[in-house]
Structures are given as structure tokens and as C-alpha cells.
Amino acid sequence: MNWLILLVAGLCEVGWAIGLKYTEGYTRLWPSVFTIAGMVVSVWLLGIAMRTLPVGTAYAVWVGIGAVGTAILGIVLFDEPADAARLFSLTLIVAGIVGLKLASAH
């Protein structure tokens, strides 16, 4: 169950990271409110997941989900580059996340 909670925490991290773009430096009220709420929920869920998951694994997986998800949405939503080197690098991050999950005893 804590792996599922960690996944949701990572997806919330993607949400708030993308939300930062829409806040325009926290000058837009509702995007700012939703972004800050996403931050709080993401870190709260990470803390819950860390009750039983190793801290290094949980944090690395959380950051990895956030980084990959944010980069993919940056490509889709903001026309950021999707060259081979960038996609390969994202694949390496995913491989690291999977490796950490497989190496975890929980």
C-alpha cells in the first residue's frame, strides 16, 4: 500500500511542478492555491509512505517520478525538446526507479 501512496505522492509532485509554470511567479491566485495544495499533499503522502519504506528509496522514487513526469508534461504541454538524448536520460531515470523498487524489501 505504501508503494501506491508513494506513486500518488510522486504524481502530486508532477502536478505542483507543472502548476508552478501556471502561477506566473505566484501572481495568479487559483493556480497558486492549487500548486501550494499539491505541494502539501505530495510531501504529506511522502511522509506517510516513509513510515515503512526506506527513506533513501522512497525519496529517490518520489523525485524520480516527479522528474520524469514533469519532463514528459513539459514536452507535451510546453513544446520542450524531445531529442534522443533527453528521452534516453528519462529512460535511465525510470530504470533507476524500477531498480530501487525491485531492490527494496518492502
On a heavy-atom basis, the closest approach of Asn2 and Ile48 is OD1-O, 3.6 Å
Donor-acceptor pairs under 3.5 angstrom involving side-chain atoms of residues 13-21: please list them, not counting sequence neighbours.
none

Can you give me the closest heavy-atom contact between Thr57 and Ser104, atom names plus distance? CG2-CB, 4.4 Å
Taking Leu4 as the starting point, is it possible to reach Leu11 by hopping between hydrophobic residues whose side chains are less than 4.5 Å apart? yes
Grouping I, L, V, M, F, W and Y whenever their side-chain heavy atoms are under 4.5 Å apart, do Phe88 and Val94 come out in a common cluster? no
Is there a continuous path of hydrophobic side-chain contacts, each under 4.5 Å between heavy atoms, that joins Val55 to Met1? yes
What are the two closest heavy atoms between Ile65 and Leu6, and how far apart are they? CD1-O, 4.3 Å
State the OH-CZ distance between Tyr22 and Arg28, to the nearest 0.5 angstrom. 9.0 Å
Between Ser42 and Trp62, does any side-chain donor sit less than 3.5 Å from a side-chain acceptor? yes
Could you see if Val41 belongs to whatever hydrophobic cluster contains Ile36? Use Ile, Leu, Val, Met, Phe, Trp, Tyr and a side-chain cutoff under 4.5 Å. no
Identify the heavy atoms of Met39 and Tyr26 that sit nearest to each other, and give their distance. CE-OH, 3.3 Å
In terms of hydrophobic clustering (I, L, V, M, F, W, Y; side-chain heavy atoms under 4.5 Å; direct or indirect links), are Leu87 and Leu92 co-clustered? no
Side-chain atoms of residues 67-83: list all donor-acceptor pairs with protein atoms under 3.5 Å, sequence neighbours left out, distances to 0.1 Å.
{"residue": "Thr70", "atom": "OG1", "partner": "Gly66", "partner atom": "O", "Å": "2.6"}
{"residue": "Glu80", "atom": "OE1", "partner": "Arg86", "partner atom": "NH2", "Å": "3.1"}
{"residue": "Asp83", "atom": "OD1", "partner": "Ala85", "partner atom": "N", "Å": "3.3"}
{"residue": "Asp83", "atom": "OD1", "partner": "Arg86", "partner atom": "N", "Å": "2.8"}

Closest heavy-atom pair and its distance - Ala58, Leu53: CB-CB, 4.1 Å
Heavy-atom closest pair (Leu45 atom, Ala9 atom, distance to 0.1 Å) is CB-CB, 3.6 Å
